[in-house]
Amino acid sequence: MPTYTPSQSEAIACVEEPLQIIACAGSGKTQVISQRIADLLASGRAEPRNIVAFTFTERAAAELKDRIVHLVEEAGTSTVGLAEMFIGTMHGYCLDLLQRNVPETFKYNVLTDITARLLVDRNSRQSGLTTCEAVVNGTPKKLRRFVNSRLYLSALGIFREDDVDQNRVPSSFKMAFEAYTHLLRTKGYLDYTAMIQLAVEMLENLDPEDDDSMAQALHGYVRDGVKFLVVDEYQDVNPLQERLIRALTQFGANLCVVGDDDQTIYQWRGSEVSNIITFARRHASVRQVTLDDNFRSSRGVVELGRSIAETIPVGDRLAKRMVASGHQEWERGDLLALDFGTENDEVRWICDRIEGLRGVSFCDSPSATPRGLSWSDCAVLYRSVSADAGPLVDELRRRDIPFVIKGLNRLFDSPEVAAVVNIFDYMVETISAAGLRTAWETAELIPTSGSWDAAVAVLDTGRDFERGQRWGIYNIQRVYLDFLEALGIREDNLPGQRERRELAFYQLGKFSQVISDFEEIHFSSTPAEKYQAFAKWLQYQAPDYYADVDDDVGYATPDAVTISTVHQAKGMQWPAVFVPCLRRNRFPSKRQGGLNVFHVIPESAIPGADRYKGTRDDEARLFYVAITRAQKYLHITYSPGAGKFYGKRSEFFDHCTRHSLVSTRDPGLPAGGRLTPQPKVEAAQITLSFSELKYYFECPYQFKMRFLYGFNAPLHEALGYGKGLHDALSEVHKRAIHGDLVTVSSAKDLVDRHLHTPYAYPELRKQLERSAIDAVARYLTTHGDELALTLHSEQPIQVHLGDGVVVDGRVDLIRRLDTDEVSIVDFKSTDRAQQEEVTRDQLHIYAVGYQELKGERADLIEVLNLDPGAKSTREQVDDALLTSIRDRIQAAGTALRENDLPRHVSWCGACESCDFVALCRPRESNQRDGAERE
DNA sequence: TGTTCAAATGTTTTT
DNA sequence: CATTTGAACA
């Protein structure tokens, strides 16, 4: 067990009263929270299911969970049931809460930022967009479709997440809000805010008298289940999230909040610093523990950081005094604040320095043997990557220095995507076939052995909008995939090197995702209009929507310089950090022109509205975060930017030059010999869902196409049928667990509640509804008397493989048979065909998960097919398979980390059912799935 | 130190 | 196209 400082130990041990941990940068707070939770489990004070921990990102959650599991294993505490501990985001928690406990919401789909905006624009009136008014200089103006939808959505966000004074909000906005809410409900959507909002409303109104069995269960779950709540990054909690925290602790759960007010950098997203500042005043007998030992950085970095934080008025900060307690030595010349005459000088110097630091000796920990610094030990942090990082990127390219950049990956800027966009310009006849061909030639996307004419023929057929009545046949995704297929495009027959071809395929895959986003909202528009709208959207809207796509293909961590915004660097550290472009008006950043949310919701209606605009002190906190990312070498630089707005030095830059530990002239590179550059290796956390893993087992290359490149199968008109059945049965089983046994007469009611088939035409919808009712009735008839033996429904389970690989999933049903055997059940319906061995694998993974959950083996696995006359299977859990499956998951993790995801050597059963064979190899049989194509 | 006006500007991002 | 900056002027 690691040794802890007295204050760390105090925090770990405090489990009786409300605890506030004030954690300075680099103070090891994740370790402290992990240890505290591990100790709670070891002492028997809490079962895993009594613990809920919130983080702000999935990544942080994965890391926290991994640490806890390690500590629990080290301590020799049982890991049984660990899957029932919730460690994740508030959004994840609320979504889960709703979708497991509130039957009405089982069928809801989640809107992303992109699909929400598409929905608002598509339904510009019904969403309230064009009825909402912005008051500019006293004159109300209606918001406009496309132009103001982003603004409208952010206003809706603030309205729901902040404590907005209803009386000061114009009625036009309130009506618009009602319209939007209504639209979400009728279409069966939850946006990110609605997830939390609905959950909070549920929790705040829990009524022990409620006679609904599900509502009672939810009440019991919160009252008796949640005993310890931990909230990480508490400084970033907004008012709605604070309500969630209150609601979850209303029955006396212990609350522990962890954060650093100096690192509040998301005010403009609603973070309310006062939550953390006044925490002690708002809760009785709070224990406050300050972790002010910074183990990450040298004295120089720590003191410079602290001096920045101390420019914030005392009343707006929690008292703390960060001190350097790590092993990094400060040496004169480590901290530089340099002023350059031109942008080019600045950028060249940064690259020189990065090259010069390579091989410099560095120790990651007091006991570690020194290693030579490498590319990945350097990070360049910008206030705005999109505005300022361009010149550096050019210079790094010129010098062949590897880098990864976050914040400037504009999907639509690549020639590949431009060529793809042209497909749809051709579809709506704004360019000619020749123009299209030129674009594809320019983008080097025409395979060595391809049939261009056949590909264009696909489009010609596709744009004949007189082919049939059903709108579902004018499927954009289908046209796209068919076009690629006709062209004969493969990852290995594109021009260029392996990496270029991989990147090109990645772009094609991402575009498939773009289509899915659009088509989810526009599926049933009249065909011609749908293609028109798509082409227009690609031209005007989409480039900004996809302004920063994730560009890492896979889990491999390259040895490369990181370029990122300060925001994205939060929580990370590097031996050497550069903070360039410290220009006035950029950092601290000022002003925002144009129409803003305050034209829609008056400033006076929002308490602390200032924070949405960003204050100087907010920027100081951001600068503080930037500085404290550095372990040893820190370079703050300035050069005048283009235009006189950015032609002066930032006050933060001047602050640094005045600091005594900072040098303002380049003393040259650190003295001493050079070692071989050795990047720090950190194996990426891999969390796979059961279904992802299933695809991997089916075919690693299919997995890559689907999840790493992002290819999506065409939307199917019957989509939602399988899920509806699942959800209906899930309600049946959940109610059964609470002793509420449903009978055949409820079949219709269940289907009404759960079947959601947004893409079905009326005829099909009726037909699906009938078969769903039949299926549910059939299930209740044949299995009704077994319901009382239900053990778990939609039980979350996990499989942990020691080295950061976690498989996460949910089992449809676990029940006890009258023979007293425990059986794991998976429901199947008219899903895509799946090979039997894959199903067997899948159920054995469940069996492994069950074992981790309960500490006991399941006896049987069953596949219950809900289709009429279909065959169901039941077999014993196979011990050999149970053991081997763990090894195979482990191997999958290794393969993912190494990006070794090959296709099968020859055509096989997996190819038969693969949605993307066409992009992989020639089809064995020439016939395609006729039904889907009409 | 305050007022006026022309010129220049368009961040940051998780779920 | 609304807002903010910074210089010119009072």
Side-chain angles (χ1 to χ4, degrees), chain A residues 54-61 88-96 98 110-116 134-139 141 143-144 147-148 150-151 153-154 157 160-161 189-199 232-233 236-238 240-241 244 263-271 381-389 406-409 544-550 564-571 581 583-600 603 611-615 618-619 621-623 625-626 641-648 650:
Chain A
F54 291 143
T55 60
F56 266 80
T57 63
E58 294 292 355
R59 227 189 70 216
T89 62
M90 297 198 205
H91 293 88
Y93 185 83
C94 291
L95 184 62
D96 189 65
L98 294 172
V110 173
L111 286 174
T112 62
D113 273 355
I114 291 170
T115 49
V135 182
V136 177
N137 293 329
T139 6
K141 295 179 178 176
L143 293 186
R144 292 164 59 202
V147 183
N148 302 123
R150 183 215 284 273
L151 170 70
L153 281 165
S154 47
R160 290 177 292 169
E161 302 208 18
Y189 284 120
L190 289 171
D191 65 11
Y192 291 128
T193 303
M195 278 177 213
I196 299 194
Q197 191 198 7
L198 289 188
D232 193 12
E233 307 281 13
D236 279 331
V237 160
N238 70 31
L240 180 65
Q241 292 164 336
L244 175 66
Q263 295 186 64
T264 312
I265 58 173
Y266 286 114
Q267 308 82 349
W268 45 275
R269 242 162 46 187
S271 306
L381 308 181
Y382 284 93
R383 173 69 248 256
S384 163
V385 166
S386 60
D388 290 334
K406 296 172 184 171
L408 198 65
N409 298 303
D544 282 340
Y545 284 31
Y546 302 91
D548 187 32
V549 293
D550 207 4
S564 111
T565 58
V566 182
H567 287 92
Q568 291 194 325
K570 191 172 181 187
C581 299
R583 299 165 183 157
R584 191 149 160 192
N585 293 334
R586 166 108 293 143
F587 202 177
S589 154
K590 277 253 164 63
R591 134 258 335 255
Q592 47 183 18
L595 213 58
N596 63 48
V597 285
F598 299 122
H599 293 106
V600 179
E603 221 176 309
R611 68 190 200 279
Y612 288 101
K613 300 181 186 167
T615 63
D618 293 337
E619 295 287 313
R621 288 183 253 264
L622 191 60
F623 189 54
V625 168
K644 62 178 174 181
F645 259 63
Y646 300 118
K648 290 186 178 149
S650 151

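Proteins come first, then strands; the chains are lettered A, B, ... in the order of their sequence lines, and each starts at number 1. The shown structure was predicted, so the numbers you read here are calculated from the model rather than taken from an experiment.
Contact annotation: Ser384(A) reaches the phosphate of dT12(B) (side-chain N/O to OP1 or OP2, under 4.0 Å). Considering only side-chain N and O atoms, Ser386(A) lies nowhere under 4.0 angstrom from the phosphate OP1 or OP2 of dT11(B). Between Asn585(A) and dG6(C), a side-chain N or O to OP1/OP2 separation shorter than 4.0 Å is present. Checking the phosphate oxygens (OP1, OP2) of dT13(B), a side-chain nitrogen or oxygen of Thr565(A) falls inside 4.0 Å. Residue Lys648(A) places none of its side-chain N or O atoms closer than 4.0 Å to OP1 or OP2 of dT5(C). Gln267(A) has no side-chain polar atom (N or O) that falls below the 4.0 Å cut-off from OP1 or OP2 of dT12(B). Checking the phosphate oxygens (OP1, OP2) of dT11(B), no side-chain nitrogen or oxygen of Tyr646(A) falls inside 4.0 Å. Look at His599(A) and you'll find a side-chain N or O under 4.0 angstrom from OP1 or OP2 of dT3(C).
If you check distances only, the side chain of Arg269(A) never reaches the base of dT12(B) with a donor-acceptor pair under 3.5 Å.
Nucleotide dT11(B) holds its P atom 22 Å from the CZ atom of Arg621(A), rounded to whole Å. Rounded to an integer number of Å, the gap from CZ of Arg611(A) to P of dT13(B) is 19 Å. The CG atom of Asp618(A) sits 16 Å away from the P atom of dT12(B) (whole-angstrom rounding). Atom CH2 of Trp268(A) and atom P of dT13(B) are 6 Å apart (whole Å). We find that OH of Tyr612(A) is positioned 14 Å from C1' of dT13(B), with the value rounded to whole Å. Spacing between atom CG of Asp544(A) and atom P of dT12(B) amounts to 12 Å, rounded to whole angstrom units. The CG atom of Leu381(A) sits 14 Å away from the P atom of dT12(B) (whole-angstrom rounding). If you take CD of Gln263(A) and P of dT12(B), they are 20 Å apart, rounded to a whole angstrom.
Between Arg150(A) and Asp544(A) no salt bridge is recorded (no basic side-chain N to carboxylate O distance below 4.0 Å). A salt bridge does not link Arg269(A) with Glu161(A): none of the charged nitrogens is closer than 4.0 Å to a carboxylate oxygen.
Remark: the separation of the P atoms in dT5(C) and dT11(B) is 15 Å, to the nearest Å.
Backbone-only contact: Lys141(A) has heavy atoms under 4.0 Å from sugar-phosphate atoms and none from a base. Residue Asp236(A) is classed as having no contact, given no heavy-atom separation below 4.0 Å to the nucleic acid.
Ranking dG6(C), dT11(B), dT15(B) by closeness to the Arg584(A) side chain, first place goes to dG6(C). Counting only heavy atoms from C-beta on, Thr89(A) has its side chain closest to dT15(B) among dT14(B), dT11(B), dT15(B). Checking dT12(B), dT14(B), dA8(B) against every side-chain atom of Phe645(A), the shortest atom distance belongs to dA8(B).
At a threshold of 4.5 Å between non-hydrogen side-chain atoms, the residues Tyr93(A) and Ile196(A) do not count as touching. In this structure the side chain of Asp113(A) reaches within 4.5 angstrom of the side chain of Tyr192(A), judged on heavy atoms. Within the 4.5 Å cutoff, side-chain heavy atoms of Arg383(A) are placed close to those of Leu622(A).
Between Arg586(A) and Cys581(A), the shortest heavy-atom distance links the atoms CG-O, 4.1 Å.
Aromatic stacking is not marked for Tyr266(A) over dT14(B), as the cut-offs of 5.5 Å for the centres and 30° for the planes do not both hold.
Base pairing analysis places dC5(B) opposite dG6(C); the two distances defining the Watson-Crick or G-U wobble pair are each below 3.5 Å.
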